[in-house]
Amino acid sequence: MTDKKNLRTPIVCVMGHVDHGKTTLLDKIRGTAIVRGEAGAITQHIGATEVPIDAIVDKLGDPRLRDHFIVPGLLFIDTPGHHAFTTLRSRGGALADLAIVVVDINEGFKPQTYESLQILKRFKTPFVVVANKIDRIGGWVSQKDLPFAATFKKQSYDVQAMLETKLYEVIGELYNQGFAAERYDRVTNFQKMLGVVPVSAVTGEGIPDVLMVLLGLTQKFLEANLQYSAKGPGVGTVLEVKEEKGLGATLDVILYDGTLKKGDTVVIGSLGEPIQTKVRALLKPRELSEIRYESKFQQVNKVTAAAGVKISAPGLEGALAGSPIRVATEENLDEIVAQVKSEIDEVRIDTGSVGILIKADTLGSLEALVHEFRKDEVPIRKAEVGDISHRDAIEASTVEDPLYSVLIGFNVKVHPDARDFLQESTVKVLTSDVIYRLVEDYQKYVKEQQELAEKKIFETIIRPGKFKILPGCVFRQSKPAVVGVRVLGGVVRTNADVMLENGTVIGKIKGLQSDGENIPSARVGKEVAMAIDGATVGRQIKEEDVLYINVPERHAKVLEHEIYNSLSTDEKETLDIFLMLKRKDNPFWAK
Ligand code: GDP
């Protein structure tokens, strides 16, 4: 071991869109290392696989590289996807030290590709982009397990050109996302540029290059992060809470600092008070050769970071995925409990004030969601780990503002009684397993609600209207006066008050008729018969008079300040003239 600087193994997470080859890539990285057993076998952890530096150097084909590398190997998280990445959080950051973003070079970017990039950007995690499935490029001749440069050289000119074209589409997309990127062997400064490695996870072409870039990133960015003390108290993150036959609730934990021993007192985050318990057993997967044993696990007495381990202990039922686990001593137990509690409280929200409700399956995904909604300045009433319960449904329904009477669920179930309740209520429920889709869906919902509200205003607001009494069309003098009118601008409608140009209100429109039919309103250009209650022809009004709808002051304000842009040109003109008439005597009218 060149554990010269006492650095721990960096933790690597594979991310990217579904079906783009994350699992295949992980299998390939692990598989090839197993085959080359002589050069240092991989170690299977719980939830992770450790590929030792010797196996990696062996793949790179240059033993001289051995002394360059300062870490003992790479620890790959077995569960691919940004979900594992966000679950594996540590205070204020991501637990994974490095990431691989896999993108199918033939399909290009998809929703979860974007999401992976967003998450990595937020956590400032160094990563490499893998442009996968190059073997699918038409005419590609596969060269099993060769480094990229070697296999590329063996392809025809056309095939090379095709790869470059597709690669630059990926690079262009990365650019659009705010990342300067290049084919990794053209990157001169990894501090300024992302490396993109073309690979085939199936044939293994380009895999050595991926490992090399990861080690390169480690040397460049992580030396300080990876300093650790093997003798210090163990610190880790709960990857999963799992029921195991004969053991009850167990925790799959990624340990990232110090040592964890059988019998240690540990403190673990839960929904309520942190759990304090003693480690009964530390379990690792049984070696393949020992498969004849009943149990899948073998016991070990201690584990040192970085490692994945299963913990069996009493009272683990309420533990939260994504929460911290820390070894405590008798002396510092209270301090550690407080520390774990404050870490959980940093993520959970329970304000009771107006805002949306968020439920997520792990602390990490909850943290990511809260971050995204806060970025959009969306108020949050409650954010909690767990399924959507009847209580959540009721709580959301008490929020009056439809914009916030919303339940967001990430990777959680809706309890049947909550579902029944929600069906009858006006609460908006948005669930998804893609974080940024939830944010987008919420934005869409807000927009719809705003449009709806605007439409409602539209329907109730009295709108401007201007009309002229036509000559020779006085059908009745008074009680009510009935006259023929032409609408010159805007709209006239029944029950609206009628105003003269000098501002005097002379009556109310009692009815409108067109071709002998009663109609509620008439738009610009229409000629209709109008009954005006309160006015007498020859006294207040006469033929050829131009009259206005008297828009109430409150409505005029809404028209001018809130929905002016959605008015038609003739309505705008009519409103402008109407306001001018009103403001002749009172410059502050409707201001
Ligand atoms: P994941 O959902 O991202 O984990 O994707 P998988 O690893 O399950 O891969 C999805 C499909 O793509 C499977 O059928 C794989 O065999 C296939 N696949 C993955 N990588 C490659 C590759 O490099 N070349 C080819 N031809 N197929 C691949």
Side-chain angles (χ1 to χ4, degrees), residues 11-29 47 76-89 94-96 98-134 136 166-167 169-179 181 194-202 210 239-240 321-322 358 360-373 375-376 408-412 430-444:
I11 299 164
V12 189
C13 205
V14 179
M15 302 162 84
H17 196 71
V18 63
D19 279 348
H20 280 195
K22 299 178 294 292
T23 313
T24 314
L25 182 79
L26 269 166
D27 284 349
K28 194 70 189 175
I29 289 171
F76 288 91
I77 300 297
D78 285 343
T79 325
H82 52 265
H83 194 225
F85 183 91
T86 45
T87 298
L88 284 170
R89 53 180 295 287
L95 179 58
L98 294 167
I100 302 177
V101 174
V102 181
V103 51
D104 183 335
I105 194 168
N106 302 298
E107 265 205 39
F109 278 44
K110 293 279 163 182
Q112 288 170 39
T113 324
Y114 295 113
E115 177 151 79
S116 304
L117 293 172
Q118 267 183 15
I119 292 170
L120 293 170
K121 193 190 260 180
R122 174 151 74 86
F123 285 107
K124 301 194 172 69
T125 307
F127 66 100
V128 56
V129 176
V130 156
N132 192 30
K133 307 197 188 181
I134 55 171
R136 286 249 180 96
K166 286 174 184 269
L167 188 68
E169 277 164 22
V170 171
I171 287 170
E173 280 278 20
L174 285 167
Y175 182 82
N176 292 338
Q177 296 305 304
F179 295 99
L194 264 184
V196 185
V197 187
V199 311
S200 165
V202 164
V210 176
L239 180 59
E240 214 177 323
I358 303 177
D361 61 340
T362 74
L363 210 58
S365 49
L366 189 68
E367 188 173 40
L369 273 167
V370 167
H371 174 88
E372 289 302 321
F373 280 103
K375 207 170 68 187
D376 280 3
I408 305 278
F410 177 78
N411 246 341
V412 294
L430 299 170
T431 55
S432 173
D433 56 1
V434 180
I435 289 173
Y436 96 121
R437 188 164 297 155
L438 282 170
V439 178
E440 269 184 14
D441 285 353
Y442 180 72
Q443 286 164 342
K444 213 169 98 200

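Predicted model only: the values in this text are computed from it and were never measured.
Checked against Val199 for a side chain to side chain contact (heavy atoms under 4.5 Å, CB included), the options Ile134, Val210, Ile100 give a single hit: Val210.
Put simply, the side chain of Lys121 gets close to the backbone of Gln177: a donor and an acceptor are under 3.5 Å apart. Of the possible polar contacts, none joining the Lys22 side chain to the Val102 backbone as a donor-acceptor pair under 3.5 Å is found. Without hydrogens or angle criteria, Asp104 side chain to Asp19 main chain gives no donor-acceptor distance under 3.5 Å.
Smallest separation of non-hydrogen atoms from Cys13 and Gly81: SG-O, 4.1 Å. Pairing each heavy atom of Val103 with each of His20, the nearest pair is CA-ND1, 3.7 Å. Ala360 approaches Leu369 most closely through the heavy-atom pair CB-CD1, 4.1 Å. Scanning both residues, Ser116 and Val101, for their nearest heavy atoms gives CB-CG2, 4.3 Å. Taking both residues in full, the closest heavy atoms of Glu115 and Tyr436 are given as OE2-N, 2.6 Å, listed atom of the first, atom of the second, then distance. When every heavy atom of Lys133 is checked against every heavy atom of Ile105, the shortest pair comes out as O-CG2, 4.0 Å.
Here the CG atom belonging to Leu430 is positioned 14.0 Å from the CZ atom belonging to Phe410, to the nearest 0.5 angstrom. A distance of 11.0 Å separates CG of Leu366 from OG1 of Thr87, quoted to the nearest 0.5 Å. If you take OG1 on Thr24 and CD1 on Ile29, they are separated by 11.0 Å, rounding to the nearest 0.5 Å. Going from atom CD1 of Ile119 over to atom CD1 of Ile435 covers 5.0 Å, rounded to the nearest 0.5 Å. Between the CG atom of Leu363 and the OG1 atom of Thr86 there is a distance of 10.5 Å, given to the nearest 0.5 Å. Annotation: the span from Ile11 atom CD1 to Thr125 atom OG1 amounts to 11.5 Å, rounded to 0.5 Å.
A heavy-atom distance below 4.5 Å is not found between the side chains of Glu169 and Phe109. Within the 4.5 Å cutoff, the side chain of Ile408 has no heavy atoms near those of the Asp441 side chain.
Other residues, nucleotides and ligands contribute over 12 non-hydrogen atoms within 6.0 Å of the CZ atom of Arg122.
A ring-centre distance under 6.0 Å is not found for Phe127 and Phe85. Under the 6.0 Å cut-off for aromatic ring centres, His371 and Phe123 do not qualify, their centroids lying 6.0 Å or more apart.
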For this session: Mind running side-chain contact (heavy atoms from CB on, under 4.5 Å) on Phe179 and Val129 for me, showing each step along the way?
Result: CA-CA 11 Å; Phe179 295 99; Val129 176; over 6 Å; no
For this session: Show your reasoning for whether side-chain contact (heavy atoms from CB on, under 4.5 Å) applies to Asn411 and Thr362.
Result: CA-CA 9 Å; Asn411 246 341; Thr362 74; over 6 Å; no
Problem set entry | Evaluation steps, side-chain contact (heavy atoms from CB on, under 4.5 Å), between Asp361 and His83 | CA-CA 10 Å; Asp361 61 340; His83 194 225; 2.6 Å; yes
Exercise. Passes salt bridge (Lys or Arg N to Asp or Glu O under 4.0 Å), Lys375 versus Glu372? Steps please.
Worked result: CA-CA 5 Å; Lys375 207 170 68 187; Glu372 289 302 321; 3.2 Å; yes
Problem set entry | side-chain contact (heavy atoms from CB on, under 4.5 Å) between Val434 and Gln112, worked out | CA-CA 7 Å; Val434 180; Gln112 288 170 39; 3.7 Å; yes
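Classified by interplanar angle (parallel below 30°, tilted 30° to 60°, perpendicular above 60°), the ring pair Tyr442/Phe373 is perpendicular.
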